[in-house]
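Only a predicted model underlies this, so the values are computations on that prediction, with no experimental measurement involved.
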Amino acid sequence: MSSTDSSGYEGFTAEERAAMKDHAKELKTASRRTSRAEKAALAVQEVLAKIAEMSDSDRIMAERIHAVVTANAPTLAPKLWYGMPSYALDGKVVCFFQSAEKFKTRYATLGFSDQANLDQGTMWASAFALTEVTAEVETRIAALVKQAVS
């Protein structure tokens with residue numbers, strides 16, 4: 001490309017670069033652990049610590065999501081993914097939480113990867129905007145994570 005290209009691409013945002021650095025750190029830390037049980041226990045601790053660092057609104061939602069996911073899909077293992085709480089099956093992320101604060105967005109996100117069994121026809125949602133986790137939202141999340149691992 002020439003230096004006169006005016007496509008406007010500025011590269012990754014500071015938040016995206018920070019998330020990639022977080023992910024590299026997570027991979028490095030995970031490779032140092034010895035036993036599977038130790039890896040699992042430390043991963044849970046890391047997820048809970050990351051949730052505790054969040055701003056009040058994001059923290060409250062992440063705590064509720066963590067409780068709902070672990071109660072309704074116990075086969076999913078908590079782990080950090082790009083610096084955010086996620087839940088994996090056999091090491092592959094199935095669902096994740098993105099805080100609004102970290103990515104400077106107006107809402108938090110609950111997302112599902114292609115590993116989730118949410119297929120419904122030829123089109124289905126794979127991410128949901130969250131501004132609050134109410135009892136109704138908890139019920140919907142519980143149903144989604146159950147379906148995701150079925």
Side-chain angles (χ1 to χ4, degrees), residues 9 11-55 57-150:
Y9 178 71
F12 294 109
T13 66
E15 294 79 15
E16 290 168 330
R17 284 191 304 275
M20 287 185 282
K21 287 179 183 178
D22 285 342
H23 187 57
K25 183 178 172 184
E26 293 155 14
L27 293 173
K28 191 174 191 178
T29 300
S31 70
R32 291 186 188 137
R33 298 183 185 137
T34 55
S35 73
R36 185 175 298 228
E38 180 187 15
K39 286 181 181 181
L42 288 172
V44 171
Q45 288 175 357
E46 290 170 347
V47 166
L48 294 174
K50 185 58 76 171
I51 290 172
E53 292 173 4
M54 294 179 184
S55 66
S57 62
D58 285 340
R59 181 182 44 75
I60 291 165
M61 286 189 286
E63 287 171 345
R64 294 305 316 140
I65 289 169
H66 179 77
V68 170
V69 171
T70 56
N72 290 281
T75 57
L76 294 179
K79 68 183 255 179
L80 288 180
W81 190 55
Y82 292 96
M84 291 284 104
S86 71
Y87 304 87
L89 182 63
D90 299 326
K92 295 180 180 178
V93 171
V94 173
C95 63
F96 57 90
F97 175 80
Q98 285 183 337
S99 73
E101 180 182 45
K102 179 169 182 158
F103 294 97
K104 297 184 171 90
T105 57
R106 65 185 181 103
Y107 51 81
T109 306
L110 174 65
F112 292 86
S113 75
D114 63 333
Q115 299 297 312
N117 296 321
L118 298 179
D119 304 30
Q120 189 175 40
T122 58
M123 185 173 127
W124 58 90
S126 63
F128 299 86
L130 296 168
T131 56
E132 183 180 8
V133 177
T134 62
E136 178 186 344
V137 170
E138 285 183 15
T139 301
R140 289 180 64 196
I141 292 170
L144 285 168
V145 296
K146 285 177 185 175
Q147 180 181 349
V149 296
S150 63

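To the nearest 0.5 angstrom, Thr105 atom OG1 is 9.5 Å from Glu15 atom CD. Once rounded to the nearest 0.5 Å, the distance linking CG of Asp90 with CD of Gln115 reads 9.5 Å. Interatomic distance, CH2 of Trp124 versus CG of Leu144, reported as 13.5 Å (0.5 Å rounding). Going from atom CG of Leu89 over to atom CG of Asn117 covers 9.0 Å, rounded to the nearest 0.5 Å. A distance of 12.5 Å separates NZ in Lys50 from CG in Leu48, rounded to the nearest 0.5 Å. For the atom pair CH2 (Trp81) and CD (Gln98), the distance works out to 7.5 Å, reported to the nearest 0.5 Å.
Salt-bridge annotation for Arg140 and Glu136: absent, with no side-chain N of the basic residue lying under 4.0 Å from a carboxylate O of the acidic one.
Contact record, Met54 with Ala62: SD-CB, 3.8 Å, taken as the closest heavy-atom pair. Heavy atoms only, all atoms of each residue included: Met84 and Ser99 are closest at SD-N, 3.3 Å. Across all their heavy atoms, Cys95 and Leu76 have their closest contact at SG-CD1, 4.3 Å. Of all heavy-atom pairs spanning Glu101 and Asp58, the tightest one is N-OD2, 3.0 Å. Smallest separation of non-hydrogen atoms from Lys79 and Val93: CE-CG2, 4.2 Å. Heavy-atom minimum distance, Thr131 versus Met61: C-SD, 3.7 Å.
More than 12 heavy-atom neighbours from other residues, nucleotides or ligands sit within 6.0 angstrom of CG on Asp119.
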